[in-house]
Colleague: 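Questions regarding the structure given below will be posed in turn.
First the proteins, then the strands, lettered A, B, ... as listed; each starts at 1. These figures come from a predicted structure and were not determined experimentally. Atoms considered below: every heavy atom in the structure, side chains included; atoms not considered: hydrogens, waters and symmetry mates.
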Number of protein chains: 2
Amino acid sequence: MAGKEVPYKIYLEESELPTSWYNVRADMKNKPAPLLNPGTGEPMKPEELEGVFCKELVKQELDNENPYIEIPGEILDFYRMYRPSPLTRAYFLEKYLQTPAKIYYKFEGNNTSGSHKLNSAIAQAYYAKKQGLKGVTTETGAGQWGTALSMACSFFGLDCKVFMVKVSYEQKPFRREVMRTYGASVTPSPSEETQVGRKILAEHPGTTGSLGCAISEAVEVAVGTEGYRYVLGSVLNQVLLHQSIIGLETKTALDKYGIKPDIIIGCAGGGSNLGGLIAPFMGEKLRGEADYRIIAVEPASCPSFTRGKYAYDFCDTGKVCPLAKMYTLGCDFIPAPNHAGGLRYHGMSSILSQLYADGLMEAVSVKQTDVFKAAEEFARVEGTLPAPESSHAIRTAMDEAIRCRETGEEKTIVFGLTGTGYFDMVAYEQFHNGTMSDYIPTDEELAESLKSLPAIGA
Amino acid sequence: MAGKEVPYKIYLEESELPTSWYNVRADMKNKPAPLLNPGTGEPMKPEELEGVFCKELVKQELDNENPYIEIPGEILDFYRMYRPSPLTRAYFLEKYLQTPAKIYYKFEGNNTSGSHKLNSAIAQAYYAKKQGLKGVTTETGAGQWGTALSMACSFFGLDCKVFMVKVSYEQKPFRREVMRTYGASVTPSPSEETQVGRKILAEHPGTTGSLGCAISEAVEVAVGTEGYRYVLGSVLNQVLLHQSIIGLETKTALDKYGIKPDIIIGCAGGGSNLGGLIAPFMGEKLRGEADYRIIAVEPASCPSFTRGKYAYDFCDTGKVCPLAKMYTLGCDFIPAPNHAGGLRYHGMSSILSQLYADGLMEAVSVKQTDVFKAAEEFARVEGTLPAPESSHAIRTAMDEAIRCRETGEEKTIVFGLTGTGYFDMVAYEQFHNGTMSDYIPTDEELAESLKSLPAIGA
């Protein structure tokens, strides 16, 4: 279909949908560094990880060899409930920006969780159910992951216990209620329910919480409760694997119309949507079959790629999880309370960290009010009110398109629109009222939080 | 493609999308009764209506003859932003209900307004812009219409002034903020800004408002402000015309797979989504080409079809609008404040009223907590958290499917899933907490509100 006029939205047929996930690690020359036991400094063994995670997911976590992993039928069925997601040609945005660039976005927000998170939630719930577990625990920041996991657990009849970062719990009461509609229990974090929560509350009274802290609480409950395991919505290799469905659909849709992107852009918090979107493209790049500019966009208030250190660090504030080698701000880092949305994790996916260290992708950081300016413009011209997270990618896609206007280059830009902002209206309200802050951590603050890096693996 | 396996979601290709709206009035033997001037009792003349509505929309309002009206290119472009909407086979719901029935739903919620309302909003904004107007005024109940109109006005650079029923304004602060994101001004109704608002506040201090009252305020401002007109999100013939895009897409998708529905179900407030969904099917029925059971579902708390009177009535509480012949509870009727969602209008589309009077469709009323029970079950098995309005149709579709389970009939049921409930979590919370009421007006209360029917046209 090369040369055929591209419709506003490309929806794949069911028969064209991926039936395997793609594991980019299989094509990486430099594999991501292994998880380390924080006690011994030795690589985590499968049996150690299986106390925290489901067995099959541990296998996926450690699999650096198999490029394709078949998606089980039950998960494919569930995907049919809300997939394929549309790949949209941003004709209106192009016109608005008066750019010769061609802009596409893969929109993952057309489901009740409001984001791409459902792609991994259903996989993790499926393997938990298959293992005969009673339930799972997790943390959620902006609430999208918690909602996604609630939906997935409800589908398989699993208990779901969510620790929600306190600032989001308070800003997003409706997210909570959606989770409850799907039968989940939701606790603001830090809480009095766990040892680590009580410790953090004692040391930082009045804290608004962080993802790292909520992770510690969820892990503590999972490890201490019979028939429970912990599941995580980003960062881990397994999550990037599940999210490869985004990139695989995107690539099939582009190939169908003979389109080759020049630049691929995604927001990066823990890295799961970006890792998923770029997976098959990065695979081509690693195999020397094609070249692409790949750009990670992170908030200036939580700049792990652009201002962090590539080092072994704890995945959680409570320092109970394994150590991962990643770009990190230090596990004690907590972004400014005014920071909106979910990109508030101190570290970054090990896979993406290794790719970035190897010069295979770029990273930029953007200021919060610039992001919301892009979000509002996008909402007005493309119709969809975007999530604050996704709007980081919009900002950079717009900046690249404006650059094309200046140079006259007809580049093809693809970005990930990971979700909708319907539960983020408090942040939009702050933006409209001019009360949104652009706080960026100082060098001294970052140096201080990097002091929390462990000696192991350094 | 008859006999081909039906996918979970049927998305039409751009080339298959309708390019004309279908005007069911052209095929009606008994035309809907004309609007009357409340002063003279004479049918409204175009020039009288043009003081309130845009000229081209008045033409559409009065057109009982032309079966097809071409959709202007600019509107088609905008439709491409969020259409086609998917026609979904509810495989999961069928399995959950263990029914031999085949259930389909046309889902109109995949856009930021969260509902089908955008289909008419963009048409009305387009004609206002084409006429060179400065802006439009309107009312909104649940907020979906106001959001849709804000999006449409933003697209064409028109001012948008929304009077929002006070109870919704208070329950849905986030809807307000979405409208503001698109540049609209939002005022809770009744307000002090209009004569009719001040009068209603004086007579009913503490009222939570009603659609009829908000209409009066919006009309007063439109008529009294240079370069402004009033636009309405339901009830009117023109709105049902624009909404026929829903039914046309549905029919094309069904035809593509050789599917013939037995029962078509939609919720009914003012009647626009139901009128749009059934339009081409009703056309076949009127022309004797096919037969379908068509069911309107209304809330038991606002039962215009099932307990109202077919008579001329004011369209608004303030009695400034023309008289329409319709099933009505009397323009003084205000549903219980606890009633959730947007189906709170005292009357019903004149087109649907005539079709119902002629025995061409059925109507049922359902209790609020039964509706939310269906909503929650649907959310859990089909993934999408539905709007309270849409859930009325879900309730009846489930009831019909359960009947099929009992009789063993393999009926094909199509219903309209008009929108998502993401901004209705206060109502879901009431349902979860057991504080939701099932208040149904008494016969005495209805007799009282029907006293407000005018003598004219009786």
Colleague: How about B:D77 and A:Y8: do any of their side-chain heavy atoms sit closer than 4.5 Å?
Modeller: yes

Colleague: Taking all non-hydrogen atoms of both residues into account, name the closest pair between A:F423 and B:M425 and its distance.
Modeller: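 Heavy atoms of A:F423 and B:M425 come nearest at CE2-CG, 4.3 Å.
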
Colleague: A:D424 versus chain B, heavy atoms under 4.5 Å apart: side chain, backbone, both or neither?
Modeller: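 For A:D424, there is no contact with chain B at all, as no heavy atom is under 4.5 Å.
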
Colleague: With a 4.5 angstrom heavy-atom cut-off, is it the side chain or the backbone of A:M81 that approaches chain B, or both, or neither?
Modeller: both

Colleague: Is chain A contacted by the side chain of B:T420, its backbone, both, or neither, given a heavy-atom distance below 4.5 Å?
Modeller: neither

Colleague: Going from OH on A:Y82 to OG1 on B:T384, what distance comes out if it is rounded to the nearest 0.5 angstrom?
Modeller: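 Going from OH on A:Y82 over to OG1 on B:T384, the span is 11.5 Å.
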
Colleague: Examine whether an atom of B:F174 lies under 4.5 Å from a heavy atom of chain A, and if so say whether it belongs to the side chain, the backbone or both; otherwise answer neither.
Modeller: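 Interface part for B:F174: both.
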
Colleague: At a heavy-atom distance under 4.5 Å, which candidate from B:R175, B:M151, B:E376, B:R180 has the highest pair count against chain A?
Modeller: B:E376

Colleague: Let me know if B:E429 has heavy atoms under 4.5 Å from chain A in its side chain, its backbone, both or neither.
Modeller: both

Colleague: Report the option among A:R83, A:R380, A:E382 that has the most heavy-atom pairs separated by less than 4.5 Å from atoms of chain B.
Modeller: A:R380

Colleague: Select one option (side chain, backbone, both, neither) describing which atoms of A:Y182 are under 4.5 Å from chain B's heavy atoms.
Modeller: both

Colleague: Return the minimal non-hydrogen interatomic distance between A:T112 and B:L385, and the atom names on each side.
Modeller: OG1-N, 2.8 Å

Colleague: Quick one: closest heavy-atom pair of A:H432 and B:T181, and the distance?
Modeller: CE1-OG1, 3.0 Å

Colleague: Using non-hydrogen atoms only, which part of B:N110 is less than 4.5 Å away from chain A: side chain, backbone, both, or neither?
Modeller: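 Contact with chain A is through both the backbone and side chain of B:N110.
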
Colleague: Return the orientation label for the B:F155 and A:F92 ring planes: parallel under 30°, perpendicular over 60°, tilted otherwise.
Modeller: perpendicular

Colleague: Counting only heavy atoms closer than 4.5 Å, note whether A:F107 contacts chain B via side chain, backbone, both or neither.
Modeller: neither

